[in-house]
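Here's the structure, in structure tokens; my notes come after.
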Amino acid sequence: MDGRKNLVGLSREELAAELAAMGEPPFRARQLWHWIYHRGVGDFAAMTTLAKSFRADLAARYVVARPATARALASADGTRKWLLRFADGQEAECVHIPEEDRGTLCVSSQVGCTLTCKFCHTGTQRLVRNLDAGEIVGQVMAARDAIGEWPSPPEDRQITNVVMMGMGEPLYNYDSVAKALKIVMDPEGLSVSRRKITLSTAGVVPTIRRCGEELAVNLAISLHAVTDELRDVLVPLNKKYPLAALLDACRTYPGASNARRITFEYVMLKGVNDTPAEARALVRLIAGIPAKVNLIPFNAWPGAPFECSSDRAIAAFADIVNAAGYASPVRTPRGRDILAACGQLKSESVKLRMRERLAMGSALPLTPTLSPEGRGG
Ligand code: SAH
């Protein structure tokens, strides 16, 4: 806002180019990268391996900014959710899910979403805009700040996995997501291995292959129905990219193997998609694809037009898929009490007309309203 450029989100090459323009040699860019992404330092003055005058030059031109935390919530089950506010006042949510042997960070790719999947709360929010690479990486950094996980620990991390399963459709914002994930994967920084990163898509078929070739991250597909007729209703994107095309993209996903299976996500909606016949059809549909099936009990939200399937129906469905040789874990809902579970994320941001944006100008609140973390929801 004060005209200084944010370094977070620049690729290694772009960072080197910025420094080259200041007359600095390439190794300075590597040092700076280390401070930003390995040490998590946001204040140039604290970057003590850099000459004092250089630090002052940097501070005059740049910032190392992550989104502000507008609200932080903690669930009774340990899940944490942050409502993050970006420089223009728009907001998105980010969730940390601690488990016995790992910790998963669920990251957003857009403010809102254009897909309008019928069972998803985010889908009721009009898309405001794509997040840029810095705003996506910034979520990981803000979570690391909150958890106190700097410098990047080699092991025993609380954030071991990153899933692009927050707000938005990551393959509709592919360039920024790809740029951000390359930074997240960089071994000399945040260093989350591609094996621990999963990108979830509702099925933007033409971009799936690119994602596999360029990023080689794990792929998750939001399937949710086994016929085009039903999927057209639940996931309207299906009208554009129907099941046959979607499954074909999965069959040819680069790098998919038995060691690196594709996850099919299937939300369990009572009386809608949860019969044994549908379980058997699912198995036929994914035949030949190295896959596992993640059954997600429907997470309700205010005004949702669905109910969650019964435990019995879910167990019967899982048994059929499992008997066919596919792992079919039922995802334990996490953070439901703070609306942090799958499909519950939503921010108040709405699309502003250009006129309104201009009128707000720099009057947008810059100071985050920090609220203490709630306990137990
Ligand atoms: N747009 C991407 C990323 C969102 S990931 C995608 O569609 O894959 C979030 C996952 O939660 C998706 O599988 C989504 O379909 C699922 N989901 C959405 N709403 C849900 C709800 N209310 N209960 C359970 N799962 C839901």
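We're numbering straight along the sequence, starting at 1.
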- Message: Evaluate R102 against E99 for salt bridge (Lys or Arg N to Asp or Glu O under 4.0 Å), listing each step before the verdict.
- Response: CA-CA 5 Å; R102 62 177 170 179; E99 287 171 88; 3.4 Å; yes
- Query: Just wondering, are more than 12 heavy atoms of other shown residues or ligands nearer than 6.0 Å to CZ in R195?
  - Reply: no
- Closest non-hydrogen atom pair, L223 against R231: O-NE, 2.8 Å
- Query: How would you list, by chain and number, every residue that makes a side chain to side chain donor-acceptor pair (under 3.5 Å) with D228, sequence neighbours excluded?
  - Reply: N238
- Item | Pairs touching residues 264-294 that satisfy ring-ring contact (aromatic ring centres under 6.0 Å, His included), sequence neighbours left out | Y266-F317
- Query: Where do L282 and V293 come nearest, in terms of heavy atoms and distance?
  - Reply: CD2-CG1, 3.9 Å
- All heavy atoms of I197 vs all of M185, minimum pair found to be CD1-CG, 3.3 Å
- dist D274:CG -> M268:CE (nearest 0.5 Å) comes out at 5.0 Å
- Taking C-beta and beyond as the side chain, do L246 and Y241 meet within less than 4.5 Å on heavy atoms? no
- Query: Taking atom CD1 of I208 and atom SG of C250, what is their separation to the nearest 0.5 Å?
  - Reply: 5.5 Å
- Rounded to the nearest 0.5 angstrom, the OG1-CE distance for T263 and M165 is 6.5 Å
- If you round to the nearest 0.5 Å, how far is CG of L19 from CG of L58? 6.5 Å
- Can we say D232 and K239 salt-bridge, meaning some charged N sits less than 4.0 Å from an Asp/Glu carboxylate O? no
- Residues at least two apart in sequence or cross-chain that pass side chain to side chain donor-acceptor pair (under 3.5 Å) with Q139, listed by chain then number, are none
- Query: Angle class for the F119/H224 ring planes (parallel below 30°, perpendicular above 60°, tilted otherwise)?
  - Reply: perpendicular
- Message: Test of understanding: with side chain to side chain donor-acceptor pair (under 3.5 Å), list the residues that count as partners of S152, not counting sequence neighbours.
- Response: R144
- Side-chain donor/acceptor of R55 to backbone N/O of M47, under 3.5 Å: yes
- Quickly, which of Q90, R66, Q110, R129 forms a side chain to side chain donor-acceptor pair (under 3.5 Å) with E135? Name it, please. R129
- Inspect the contact between E18 and K5 and indicate whether a charged nitrogen and a carboxylate oxygen are less than 4.0 angstrom apart. yes
- Message: I need the full list of ring-ring contact (aromatic ring centres under 6.0 Å, His included) pairs touching residues 10-36, with sequence neighbours left out, sorted by first then second residue.
- Response: W33-Y37, H34-H38
- Short side-chain donor-acceptor distance under 3.5 Å, E169 and T201: yes
- Query: Can you name the nearest heavy-atom pair linking L105 to A143, along with the distance?
  - Reply: CD1-CB, 3.6 Å
- Query: To the nearest 0.5 Å, what is the distance between CG (N173) and SG (C113)?
  - Reply: 11.0 Å
- Query: Are I183 and I136 close enough that some pair of their side-chain heavy atoms sits under 4.5 Å apart?
  - Reply: no
- Task: Dump the intermediate steps for side-chain hydrogen bond (donor to acceptor under 3.5 Å, both in side chains) on E278 and T275, then the final yes or no.
- Result: CA-CA 5 Å; E278 282 161 309; T275 62; 2.7 Å; yes
- Message: Whether K179 and E14 form a salt bridge (side-chain N of Lys/Arg under 4.0 Å from carboxylate O of Asp/Glu) is what I want to check.
- Response: yes
- Message: Looking at A76, is its backbone amide N or carbonyl O close enough to the side chain of D337 to form a donor-acceptor pair, meaning the two atoms are under 3.5 Å apart?
- Response: yes
- Query: Does L237 reach the side chain of Y172, with side-chain heavy atoms less than 4.5 Å apart?
  - Reply: yes
Indicate every side-chain donor-acceptor pair of residues 322-333 with a distance under 3.5 Å to a residue at least two apart or in another chain.
residue	atom	partner	partner atom	Å
Y326	OH	I286	O	3.4
S328	OG	A318	O	3.0

- Query: Taking all non-hydrogen atoms of both residues, which atom of V267 and which atom of N273 are closest, and how far apart?
  - Reply: O-ND2, 2.7 Å
- Task: Nearest 0.5 Å please: distance from the CZ atom of F306 over to the CG atom of N299.
- Result: 13.5 Å
- Is the shortest distance from a Lys or Arg side-chain nitrogen in E188 or R12 to a carboxylate oxygen in the other one below 4.0 Å? yes
- Note on the structure: Nearest heavy-atom approach of V95 to W82 is C-CZ3, 4.5 Å
